[in-house]
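The structure under discussion appears below in the form of structure tokens.
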Amino acid sequence: MPSFTLPPIHDNPDGGWGPSTSNLPDQFKFKDIPYAPYSKSDKLGRFADWNDLSSDNRQTAVGLPSTQSARTSGPGGRRRDGNQAFGSGTASAFAYFHVEDEASFSLVDNKTTAPRRGGAFTRGRGAARTGGNYPTRGAVRGARGGAITRGGANQRGGGRRGWRDWEKNNRNRESSVVISPQWSMLEEIEFHRLAKLRLEVDEPEELENYGRLFAYDKSYDRVTTKTERPLQPLDRMKYNPTTSDDPVIQQLASKNVATVYTTDVILSALMCAPRSVNPWDIVIIREGNNLFLDKRDGGPFDTITVNENAADPPQDPTPPNPNNPAEKATPEPPSINSATSLSLEATYINQNFGFQTVIENSPPPGVDFAHPNPFYGPDETEPLASCGYRYRLFDLGITEDEDLKICVRTEVDAYSPGQGNPREGHGLVTVRALNEFDPRAQGAGGAPDWRSKLDSQRGAVVATEMKNNSCKLAKWTVQSVLAGADLMKIGYISRANPRDNTRHVILSTTSIRPTDFAAQLNVSLANGWGIVRTVTDLCMKLPEGKYVLVKDPNRPVIRLYSVPPEAFTNEDGVEEEEEEQDSAA
């Protein structure tokens, strides 16, 4: 007759879970192995995963839970985030490492395998290439020498690749100014440190107003892609001198109105520095208790960038190698879609669009500010462009007792009729223009065709421009806010023919308030003022002299250098001598 015998039960006198180590029999084979905690949420992985390579490319753990094998790396079973994985402290006791047979392994067939149809894997920056220069599906070489994995960028060792990334060389930009060995670097500030600065600034004080404004032509607000207008080249005079060459600023500095003196173009570049990609430089002059922020003639602030923040921005051709006679004899012709050509084209478009969109010869009449244009001499005969200069005083003091003010020369381009008296700061307008070149050219940044999308899908066009020209639009917005403008007029201008950069047409014009546009662009004026205050405090601690603040051409870093007093003063003379030598030759 069958019977049931109760097996022996080993009670734990210590009161814990599981059998006690004190009453285990000696023949128990797992007696000396420590107990590994195990979570019910962990899933058992494969017994042997030969595709999972560890850091030394040889050891393969067997029998570990999948959560531990996937999330632990390094001794102690720690995750990549530094936290201890549950149950992984003693899991290495159950691991099996196969390292004995590596020395006996040898490759028998070392014959080169014929590549598959469609192209072979290329080493370097990315994916396999087909005959039509398109990347194949997956097939990315691991960053640390791992095997080729398929299935996209989320696999081990892979990285997200963009459009034709394998053709992108290491594009090292050149600095905007040649760093002399005699210069001494005083400070280096990373952009991520600048992004954390904050300073709230009150409304500015009006000091002086100069110039004359014409009314904005509202008919350009009704232009569409079907009623496009040609962009006309107009001959007008518009001045944008540097801070030290401004007679009004020199007069205000003699009265000790402020501590820092600059222009809106220079100040906006400093306030939007974390967004910048292209190199730039600001000349800083310390005279007594005054600080002047200047720009160099012919420097980066005299032109407008195009698609600076795009993933694949426009590039200039590589200069010929002087040591190679073949390259020197046949230089590459300049392209109309190079970075320099597009920058000059954008500057030309912005100037003429501002000249064309104002009413000069018919009512409403122009409005004269309190003083005439300070840069227009008596010998000038060319007509002046519509431009008003507003000198405004901002208080950067943190406490009421601190006296730290900055005087800024700001510019407005027109006024909007029917919105108040422009002399009192009502209805002021700034006019800017975005330009489209060739949507299929390198550096277009994936922009849609404006003629087909601007009327029906304007949001997509604006979103693309905000992505590709984030720094440029942020600087325009900051300049408009500094000038106290009520509206920004942004024109969309394209080439009449993608292969001709001399003829352009106006496709549309949009109107927006600068403060609203700053919110859309996520531009923080408090962060910009914090950057200005930090640079000011840094320079005010230095002795009198000349300094230059340089944006690194290839890294998100700005550096402050001490330069000799004669630096940047003989550039015009050198250029004139070179021109005379060329003409004589």
Side-chain angles (χ1 to χ4, degrees), residues 204 206-224 227-240 248 264-265 304 347-376 380-392 409-435 476-493 504-517:
E206 296 289 338
L207 295 177
E208 302 286 348
N209 293 329
Y210 290 79
R212 187 182 189 188
L213 289 179
F214 294 106
Y216 173 77
D217 190 354
K218 294 184 178 180
S219 64
Y220 285 91
D221 293 341
R222 298 186 293 270
V223 175
T224 63
T227 61
E228 60 185 32
R229 295 188 184 182
L231 181 68
Q232 301 174 0
L234 299 176
D235 192 8
R236 298 291 184 272
M237 293 292 295
K238 186 175 183 180
Y239 299 90
N240 185 24
V248 179
D264 56 350
V265 175
I304 299 175
T347 306
Y348 165 82
I349 289 173
N350 268 267
Q351 291 179 352
N352 286 276
F353 181 70
F355 300 160
Q356 184 174 342
T357 53
V358 295
I359 305 174
E360 296 182 353
N361 300 324
S362 60
V367 175
D368 293 322
F369 280 162
H371 306 280
N373 193 308
F375 314 113
Y376 191 74
E380 301 287 347
T381 57
E382 297 182 1
L384 274 172
S386 174
C387 184
Y389 301 97
R390 307 183 72 193
Y391 294 84
R392 316 186 82 192
R409 186 192 73 210
T410 63
E411 298 181 13
V412 289
D413 301 308
Y415 74 93
S416 182
Q419 294 189 6
N421 187 0
R423 298 184 182 90
E424 299 177 358
H426 301 294
L428 300 178
V429 177
T430 57
V431 182
R432 302 291 187 267
L434 294 169
N435 61 301
W476 288 351
T477 306
V478 170
Q479 292 170 16
S480 301
V481 174
L482 292 175
D486 294 334
L487 291 175
M488 279 182 65
K489 301 289 184 178
I490 301 179
Y492 294 88
I493 300 177
H504 303 84
V505 292
I506 304 172
L507 300 180
S508 180
T509 305
T510 186
S511 178
I512 191 171
R513 294 187 177 275
T515 53
D516 297 341
F517 199 39

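All residue numbers in this chain count up from 1 along the given sequence.
A search for ring pair (Phe, Tyr, Trp, His ring centres under 6.0 Å) contacts involving F353 returns nothing, not counting sequence neighbours. Residues meeting the salt bridge (Lys or Arg N to Asp or Glu O under 4.0 Å) test with R229, sequence neighbours left out: none. For the ring pair (Phe, Tyr, Trp, His ring centres under 6.0 Å) test, residues two or more places apart in sequence or in another chain that qualify with H371 are Y210. In this structure D221 satisfies the side-chain contact (heavy atoms from CB on, under 4.5 Å) test together with Y216, K218, K489, T509, sequence neighbours excluded. Checked against side-chain contact (heavy atoms from CB on, under 4.5 Å), N373 has the following partners two or more places apart in sequence or in another chain: Y239, F375, Y376, L384, Y389. With sequence neighbours excluded, the residues that form a side chain to side chain donor-acceptor pair (under 3.5 Å) with S508 are R458. A search for salt bridge (Lys or Arg N to Asp or Glu O under 4.0 Å) contacts involving D413 returns K238, R432, not counting sequence neighbours. For the side-chain contact (heavy atoms from CB on, under 4.5 Å) test, residues two or more places apart in sequence or in another chain that qualify with Y348 are P233, N352, H504. A search for side-chain contact (heavy atoms from CB on, under 4.5 Å) contacts involving T515 returns R513, not counting sequence neighbours. Remark: R390 pairs with E206 by the side chain to side chain donor-acceptor pair (under 3.5 Å) rule, at least two apart or across chains. T227 pairs by the side chain to side chain donor-acceptor pair (under 3.5 Å) definition with T224, not counting sequence neighbours. For E380, there are no salt bridge (Lys or Arg N to Asp or Glu O under 4.0 Å) partners, not counting sequence neighbours.
In this structure, the separation between OG on S416 and CG on L213 is 12.0 Å, given to the nearest 0.5 Å. The distance from the CG atom of L231 to the CD1 atom of I506 is 5.0 Å, given to the nearest 0.5 Å. Here the CG atom belonging to L207 is positioned 10.5 Å from the OH atom belonging to Y391, to the nearest 0.5 angstrom. The CG atom of N421 lies 9.5 Å from the OH atom of Y415; values are rounded to the nearest 0.5 Å.
Side-chain N or O atoms of S480 include none that pairs as donor or acceptor with a backbone N or O of P514 at under 3.5 Å. For N350 (side chain) and A433 (main-chain N/O), a donor-acceptor pair under 3.5 Å exists by modelled atom type. Looking at D235, its side chain never comes within 3.5 Å of a backbone N or O of E382 through a donor-acceptor pair. No side-chain donor-acceptor contact under 3.5 Å links E360 to the backbone of G366.
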Could you give me the CA-CA distance, side-chain angles and deciding distance for V367 and R423, then say whether side-chain contact (heavy atoms from CB on, under 4.5 Å) is met? CA-CA 8 Å; V367 175; R423 298 184 182 90; 3.7 Å; yes

Take V265 and N240 through the side-chain contact (heavy atoms from CB on, under 4.5 Å) test and state the conclusion after the steps. CA-CA 9 Å; V265 175; N240 185 24; 4.2 Å; yes

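Between I493 and V505, the closest side-chain pair of non-hydrogen atoms is not below 4.5 Å. Looking at heavy atoms from C-beta onward, E411 lies in side-chain contact with C387 at the 4.5 angstrom threshold. M488 places a side-chain heavy atom less than 4.5 Å from the side chain of T477. Counting heavy atoms from C-beta on, the side chains of V223 and L507 never come closer than 4.5 Å. Taking 4.5 Å as the limit, every side-chain heavy atom of W476 sits out of range of all side-chain heavy atoms of T430. Between L482 and R392, the closest side-chain pair of non-hydrogen atoms is not below 4.5 Å.
Annotation for L487 and Q419: closest pair CD1-NE2, 4.2 Å, computed over non-hydrogen atoms.
Between R409 and E208 there is no salt bridge, since none of the side-chain N atoms of the basic residue sits less than 4.0 Å from a carboxylate O of the acidic one.
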